[in-house]
Amino acid sequence: MEFHSFETDALLAQSRINRLLSKWSEIQSHQCPGENEADVYLLEARPPGGGGLAPMARPAACLLWAALFSAGWKVITSLDQTCTEKEVNKTYNCAYLGLREIPDTLPNTTEVLDFSFNFLPAIQNTTFSRLLQLIHLDLTRCQVNWLHEATFQSHYQLSTIVLTGNPLIFMAETSLNGPTCLKNLVLIQTGISDLEFIPVHNLGNLESLYVGSNHLASIKLPTDFPTRNLKVLDFQNNAIHYLTRKDMDSLKQATNLSLNFNGNDIKGIEPGAFHSKFFHTLNFGGTFDVSVVLKGLQNSTIQSLWLGTFEDLEDEDIGLAMLQGLCEMSVESINFQKHHFSVFSPATFQCFTQLHELDLTATHLKELPSGIEGMNSLKKLVLNANHFAQLCHINAANFPSLTHLYIKGNLKALDFGARCLERLQHLQMLDLSHDDIEASDCCNLQLQNLPHLQWLNLSYNKPLGLQSQAFAECPGLELLDLAFTPLHVNGPQSPFQNLPSLQVLNLSYCNLDTNNPRLLAGLPGLRYLSLQGNHFKDDTVPKTNLLQTVGSLEILILTSCHLLSIDQQAFHGLEKMHHVDISSNSLTGNSIRALGDLKGLYLNLAANSISLIALQDLPTLSQQSTINLSHNPLDCTCSNIHFLAWFQDNLHKLEDWEETVCATPPPLRGVKLSAVTLSCGMTAVSIFFLIVLLFVFLILLIISVKFFLRWKYQHI
């Protein structure tokens, strides 16, 4: 099972779990028309039963039992693989099918079409003429060379065209005429060496243009290229080394633009090229000399500036003089990922005083200097993948206004320390995951004076000892992630007491003592709980358990807990639950009864040991909204006939139903349940044999009676 990352859980908490509580999409069972079907008929003969008949009658009895209990299976399999329907009559995936034309099976109402990795060397106005409602068209690596005149002349709703990886030789001037809503054009890896190659007609509404990984040496756009609506212009991984004022003037109509020069190694920017221009994002990743960029951006306004580099590049170390250009521009967020700083002193930050966000990921830092002044505007500081020995070495007092602090994946074991963050009274989010933190008494001393902390991630660390009310210093916590961090709870009381705002708690693989019924006490607002990978005594969830103190729970994850059974009363009092994941255990069909009081669930039972589901358990499944039964050893004999019929009648609420296959009998192993038809009644052939056998049996009985009377008469 996939582990829920901290970032995902943080998103859930931020939206008060409402996004995770949104309705799951129904699984569509529609098959594309035109599929061939092959019928396979199998016959199972059950062993004879019962003894006590005369030797002459035993062969007849065997045949009688075979006729009465024989069953036939009908398996329907598709031999014609065509496009996969993702949304009925609207969204189709035709990728990797080796197609040379648009299949006739696609309906005229198709709106989203992934036709990538097929073969369309030339596209004409007849190629997609039938699909007039297209909105999104992906033609990645279809070996397209030519786009002829009026290719999309009648596709007025088409907003996205993806031509990534096609060796384009020619695009007609009118090839993009027609789509009045064209907003996104992707021409990555198409061999373009000059932007004049792109036809400018009908691009007035274009918002994003991607021309990365080509052979461009200049960003100069065609004279008539409309830029007033452009929001994203991506030039990454080209051969652009110089930016001139004339080049940038062609973009003067664009406002709040995101420009990507990542991987171009800019060597020069003409003075004034960026003068009085406003940008949402500028990406100059991989530039050898950062000072060239910072000088060239004078008198510009930038919301986010990315100056990071890459592992395989030898860049010039950043010195104090190189950063002077920052004082001549207005920038809110800056990223120096993977750079080296020749000197790191308080003077390094003299041009950073207006920053709201600073990312120093993997910049080889061992300590931040004390005495840094003027950083009152900084709200977000990222120090991931550095070499801090102690948490106090970041000198948090330099950044009194911080609301978000990330020290994730530290390359040395991080000493959690005490009171290292007490000056960060406004801190709301703290990420200390993957830091090899170890503490026997956690976490009030370490988190002292953080009353506004809402998100705390301590996952993937070494053992932590939790005392009673271990997070009393953070009463406003909404999300707490301790996954893959062994926890030692000292005492019978809950370490999570007095956290009334906590909504998300991730305790996956924490080696918890799940026998403590008070472990989760004091969490009146908890809505999401993951106990993935923890063990329960006797591999069962008993009637009295730690879940019964969290009546507000809506989402429960119990995957990979080695469960063999769940008591029928285990979830009593959890009426608000609507998402239960108990996949990857060893549960049988009997455990379904524990869910009898719950309705409208997303229920994940995948990868368990369910083979038979009793008739009385089907109403429990029927009252749920979405069910996953894939990767179970399901029985496809007449013993399971009621469940098989229910399954085929409820495909609309079954997730991964195509991955739900038979395990027994051997002839049906691997066959989809949706394709199996059992004939468990008596067929015409069975009735014929039954009549014959009854007739033979009657004759044998008459002969036996006559033989017995004759024998008795002779012995009078």
Side-chain angles (χ1 to χ4, degrees), residues 1-4 482-487 489 505-520 523 526-551 553-599 601-614 616-618 620-621 623-624 626-635 640 643 654-656 659-660 663:
M1 286 299 301
E2 237 178 48
F3 172 68
H4 295 271
L482 294 163
F484 291 89
T485 297
L487 301 178
V489 178
L505 179 59
N506 193 342
L507 297 174
S508 302
Y509 295 95
C510 288
N511 297 332
L512 288 171
D513 178 14
T514 57
N515 295 323
N516 181 359
R518 304 295 300 169
L519 182 65
L520 301 176
L523 299 174
L526 192 66
R527 302 173 71 179
Y528 175 102
L529 173 65
S530 176
L531 294 173
Q532 178 180 0
N534 290 287
H535 290 189
F536 288 76
K537 185 179 180 181
D538 299 326
D539 296 326
T540 186
V541 182
K543 177 180 179 179
T544 302
N545 59 72
L546 73 172
L547 299 175
Q548 294 176 347
T549 60
V550 284
L553 202 62
E554 297 179 5
I555 300 167
L556 175 63
I557 312 296
L558 289 175
T559 63
S560 304
C561 291
H562 302 281
L563 294 175
L564 294 174
S565 63
I566 300 175
D567 188 272
Q568 292 188 31
Q569 301 296 318
F571 297 147
H572 182 70
L574 300 178
E575 291 86 1
K576 294 183 179 180
M577 278 206 307
H578 63 77
H579 181 118
V580 176
D581 189 342
I582 46 179
S583 59
S584 300
N585 286 293
S586 299
L587 299 171
T588 62
N590 293 334
S591 298
I592 295 174
R593 295 167 193 173
L595 306 166
D597 295 332
L598 302 175
K599 297 180 180 180
L601 287 178
Y602 166 83
L603 176 60
N604 192 345
L605 289 163
N608 274 285
S609 300
I610 299 172
S611 58
L612 297 172
I613 295 180
Q616 61 264 34
D617 294 328
L618 294 181
T620 299
L621 293 181
Q623 66 191 19
Q624 314 310 339
T626 304
I627 305 159
N628 192 329
L629 288 162
S630 62
H631 306 290
N632 276 287
L634 293 166
D635 181 78
N640 217 15
F643 164 69
L654 289 163
E655 184 180 60
D656 292 339
E659 301 296 324
T660 309

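Remember, predicted model here, so these are calculated numbers, not experimental data. Throughout, numbering of the chain's residues begins at 1 and tracks the sequence.
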Can you name the nearest heavy-atom pair linking [X] to [Y], along with the distance?
{"X": "A607", "Y": "N632", "result": "N-ND2, 3.8 Å"}
{"X": "Q548", "Y": "A570", "result": "NE2-O, 4.0 Å"}
{"X": "N608", "Y": "S583", "result": "ND2-CA, 3.7 Å"}
{"X": "N640", "Y": "S611", "result": "ND2-O, 3.1 Å"}
{"X": "F536", "Y": "T514", "result": "CA-OG1, 3.4 Å"}

I'd like to know if the side chain of [X] pairs up with that of [Y] as donor and acceptor (distance under 3.5 Å, no hydrogens or angles considered).
{"X": "S565", "Y": "T540", "value": "yes"}
{"X": "S508", "Y": "S530", "value": "yes"}
{"X": "Y602", "Y": "E655", "value": "yes"}

| request: Could you tell me whether K576 and E554 make a salt bridge, using a distance below 4.0 angstrom between a side-chain N and a carboxylate O? | output: no
Check whether more than 12 heavy atoms from other residues, nucleotides or ligands sit under 6.0 Å from atom [atom1] of [X], and answer yes or no.
{"X": "D597", "atom1": "CG", "result": "no"}
{"X": "H572", "atom1": "NE2", "result": "no"}
{"X": "R593", "atom1": "CZ", "result": "yes"}

| request: For the residue pair N628 and L603, establish whether any side-chain heavy-atom pair is separated by less than 4.5 Å. | output: no
| request: Could you check if a side-chain atom of L519 sits within less than 4.5 angstrom of a side-chain atom of V489, using non-hydrogen atoms only? | output: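 Yes, side chains in contact.
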| task | In sequence, state the C-alpha distance, the side-chain angles, and the governing distance for Y528 and L553, and then conclude on side chain to side chain contact (heavy atoms under 4.5 Å, CB included). | result | CA-CA 6 Å; Y528 175 102; L553 202 62; 5.9 Å; no
| task | Given side chain to side chain contact (heavy atoms under 4.5 Å, CB included), test I613 with I592 step by step and report yes or no. | result | CA-CA 9 Å; I613 295 180; I592 295 174; 4.0 Å; yes
| task | List the steps and the verdict of side chain to side chain contact (heavy atoms under 4.5 Å, CB included) for L482 and N506. | result | CA-CA 6 Å; L482 294 163; N506 193 342; over 6 Å; no
| said: Does the plane of the ring in Y509 sit parallel, tilted or perpendicular to the ring in F484? Use 30° and 60° as the thresholds. | reply: parallel
